[in-house]
Amino acid sequence: MSKTIFITGASRGFGKLWAEALLKRGDKVAASARNIAALDDLVATYGDNILPVQLDVNDRNAVNKAVAQVKEHFGSIDILINNAGYGVFGTVEETTEAQARAQMETNFFGLLWVTQAVLPVMRAQKSGHIIQVSSFLGLTTLPMLGLYNASKFAVEGLSETIASEVAHLGIKFTLIEPNGYATEWAGNSAVQTTSDIADYAPVRAAFAESGENPDGWGKPEATVDAILKVIDSENPPLRLLLGKVAYHGMNQVYTERLKDIQAWKDVSIAAHGH
């Protein structure tokens with residue numbers, strides 16, 4: 001049976017790629033973007049199966065209206081894919097207040113507003129699946145991406161909490177945690193800090209060098225099969241890493257964390273007091 005999927009941030013990158021894959025197999029897709037002209041090619045190909053929705057996820061009232069529009073048009077929302085987001089590149093000290101607030105506004109609060117707006121629809125249906133596009137940088141960190149890391153850590157904590165609150169209502173949650181992919185995320189979609197503190201020059205240089213290895217960037221089209229499997233699964237995972245960098249990196253990170261936990265076990269337990 002076909003599903004109805006609402007995807008935010010669908011004008012390019014993962015959002016558009018996944019929207020087209022879902023439409024191609026016969027699903028119905030409500031695709032939101034700030035500029036819906038970017039969806040004209042999908043509308044021309046798939047007609048009534050796609051509903052373009054002009055939306056800035058930072059506008060909570062607009063989010064509520066968009067969800068109501070999708071529900072009225074298609075009758076249900078089986079899947080939400082919260083994909084809208086971007087990255088701020090630069091050290092934490094060099095990040096301005098406006099850049100920091102805007103990063104959290106879109107990546108965290110925008111995702112929260114869409115999730116809150118869709119939950120009543122799914123509660124009434126007693127079914128649904130919310131897929132949050134997080135990052136492996138919601139589990140570990142890289143320098144030069146401090147505010148992005150923080151926004152995705154917040155998404156992880158928020159989503160895991162909601163998952164525990166709605167599981168008995170038949171609503172499933174999945175956090176998608178990609179490593180870097182060859183999309184516009186690190187290009188035109190990115191925001192760069194404007195300060196240039198000399199003390200951070202070695203950090204900037206090392207970060208730039210790490211991005212020069214093409215093997216470190218995944219192929220976006222390779223994610224399609226993974227997303228379709230998650231959507232079609234009767235028991236989807238709470239978390240799914242995408243890409244070999246994320247997979248191998250997180251294995252190493254958790255191995256080291258467990259070592260630290262065990263090394264300080266006696267101190268931790270004694271600190272309980274009884």
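Keep in mind it's a predicted model, so treat the numbers as computed, not measured.
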Result block: side-chain N/O donor-acceptor pairs under 3.5 angstrom for residues 165-173, not counting sequence neighbours:
from	atom 1	to	atom 2	distance (Å)
H168	ND1	E165	O	3.4
K172	NZ	E234	O	2.7

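- Between S32 and F6, the shortest heavy-atom contact is CB-CE1, 3.8 Å.
- Taking every heavy atom of both residues into account, A38 and K16 meet most closely at O-NZ, 2.7 Å.
- No hydrogens or angles considered: a donor-acceptor pair under 3.5 Å links the side chains of E94 and T91.
- Contact of the L175 side chain with the L240 side chain is not registered, since no non-hydrogen atoms from C-beta on lie closer than 4.5 Å.
- In the hydrophobic clustering, where aliphatic and aromatic side chains (Ile, Leu, Val, Met, Phe, Trp, Tyr) are joined below 4.5 Å either directly or transitively, I269 stands alone.
- A search for side-chain contact (heavy atoms from CB on, under 4.5 Å) contacts involving D215 returns N213, K244, not counting sequence neighbours.
- At least one side-chain heavy atom of L55 sits under 4.5 Å from a side-chain heavy atom of V63.
- Judged as a side-chain contact (heavy atoms from CB on, under 4.5 Å), and not counting sequence neighbours, the contacts of N64 are R60, A117.
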Report the C-alpha separation of Y86 and Q103 in whole Å, then their side-chain angles, then the decisive distance to 0.1 Å, and conclude whether the side-chain contact (heavy atoms from CB on, under 4.5 Å) test is met.
-> CA-CA 7 Å; Y86 69 98; Q103 178 76 119; 3.6 Å; yes

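- The structure places OH of Y200 at 10.5 Å from CE of M144, a figure rounded to the nearest 0.5 Å.
- Partners of E160 by salt bridge (Lys or Arg N to Asp or Glu O under 4.0 Å), not counting sequence neighbours, listed by chain and number: R239.
- Side-chain polar atoms of Q132 and T115 form a donor-acceptor pair below 3.5 angstrom.
- Between I7 and L80 there is no side-chain heavy-atom pair separated by less than 4.5 Å.
- At least one side-chain heavy atom of I162 sits less than 4.5 Å from a side-chain heavy atom of L119.
- Between E177 and L242, the closest side-chain pair of non-hydrogen atoms is not below 4.5 Å.
- Atom CG in L42 sits 6.0 Å away from atom CG in L23 (nearest 0.5 Å).
- Note: T183 OG1 to E221 CD = 11.0 Å, rounded to the nearest 0.5 Å.
- A 4.5 Å side-chain heavy-atom check between T4 and I79 finds every atom pair outside the cut-off.
- Taking all atoms of both residues into account, the shortest heavy-atom contact from A66 to V53 is CB-CG1, 3.7 Å.
- Note on F153 and V88: separate hydrophobic clusters, where clusters join Ile, Leu, Val, Met, Phe, Trp and Tyr whose side-chain heavy atoms are under 4.5 Å apart, directly or indirectly.
- For the pair L111/L158, a side-chain contact is recorded, criterion being any heavy-atom separation below 4.5 Å from C-beta on.
- When the side chains of ILVMFWY residues are joined at heavy-atom separations under 4.5 Å, either directly or via intervening members, I131 and L238 end up in two distinct hydrophobic clusters.
- The hydrophobic cluster containing F108 also contains V114, counting ILVMFWY residues as joined when their side-chain heavy atoms lie under 4.5 angstrom apart, directly or transitively.
- Residue pairs meeting the ring pair (Phe, Tyr, Trp, His ring centres under 6.0 Å) criterion with at least one partner in residues 112-134, sequence neighbours excluded, are F109-W113.
- When every heavy atom of V203 is checked against every heavy atom of P143, the shortest pair comes out as CG1-CB, 3.9 Å.
- A search for side-chain contact (heavy atoms from CB on, under 4.5 Å) contacts involving A31 returns A10, V29, L39, I50, not counting sequence neighbours.
- Both I176 and V224 belong to a common hydrophobic cluster when Ile, Leu, Val, Met, Phe, Trp and Tyr are linked at side-chain heavy-atom distances under 4.5 angstrom.
- Placement of L228 and I130 in two distinct hydrophobic clusters is found when ILVMFWY residues are connected by side-chain heavy-atom separations under 4.5 Å, directly or transitively.
- Residues satisfying the salt bridge (Lys or Arg N to Asp or Glu O under 4.0 Å) test with D27, not counting sequence neighbours, are R25.
- Residues V133 and I81 have side chains in contact (heavy-atom distance under 4.5 Å, counting atoms from C-beta outward).
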N/O donor to acceptor pairs below 3.5 angstrom from side-chain atoms of residues 134-142, sequence neighbours left out:
from	atom 1	to	atom 2	distance (Å)
S134	OG	E156	OE2	2.8
S135	OG	L137	N	2.9

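- In this pair, H274 and H272 present their aromatic rings tilted. The plane angle is within the 30 to 60° band.
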Residue pair Y181, F14: steps toward the side-chain contact (heavy atoms from CB on, under 4.5 Å) verdict | CA-CA 9 Å; Y181 277 80; F14 285 148; 3.6 Å; yes

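- For the side-chain hydrogen bond (donor to acceptor under 3.5 Å, both in side chains) test, no residue two or more places apart in sequence or in another chain qualifies with Q54.
- A side-chain donor from one of N58 and T106 sits under 3.5 Å from a side-chain acceptor of the other.
- Annotation: the span from K152 atom NZ to L145 atom CG amounts to 11.5 Å, rounded to 0.5 Å.
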May I have the step-by-step check of side-chain contact (heavy atoms from CB on, under 4.5 Å) for W18 and T223, ending in yes or no?
-> CA-CA 8 Å; W18 298 343; T223 66; 2.9 Å; yes

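- Other residues, nucleotides and ligands place more than 12 heavy atoms under 6.0 Å from the CG atom of D232.
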I would like to know whether V57 and N82 meet side-chain contact (heavy atoms from CB on, under 4.5 Å); could you show each step before the answer?
-> CA-CA 10 Å; V57 296; N82 255 322; 5.7 Å; no

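- Listed by chain and number, the residues in a side-chain contact (heavy atoms from CB on, under 4.5 Å) with V121 are V67, K71, I77, Q125 (sequence neighbours excluded).
- For K65, there are no salt bridge (Lys or Arg N to Asp or Glu O under 4.0 Å) partners at least two apart in sequence or on another chain.
- Interatomic distance, K28 NZ to S76 OG, rounded to the nearest 0.5 Å: 8.0 Å.
- Here L22 contributes atom CG and I227 contributes atom CD1; the two are 9.0 Å apart, rounded to the nearest 0.5 Å.
- Figure legend: cation-pi geometry between R204 and F207 absent, as NZ or CZ is not positioned both under 6.0 Å from the six-membered ring centre and within 45° of its axis.
- Heavy-atom minimum distance, L51 versus F74: CB-CE1, 3.8 Å.
- Looking at every heavy atom in both residues, G26 comes nearest to N49 through O-ND2, 4.4 Å.
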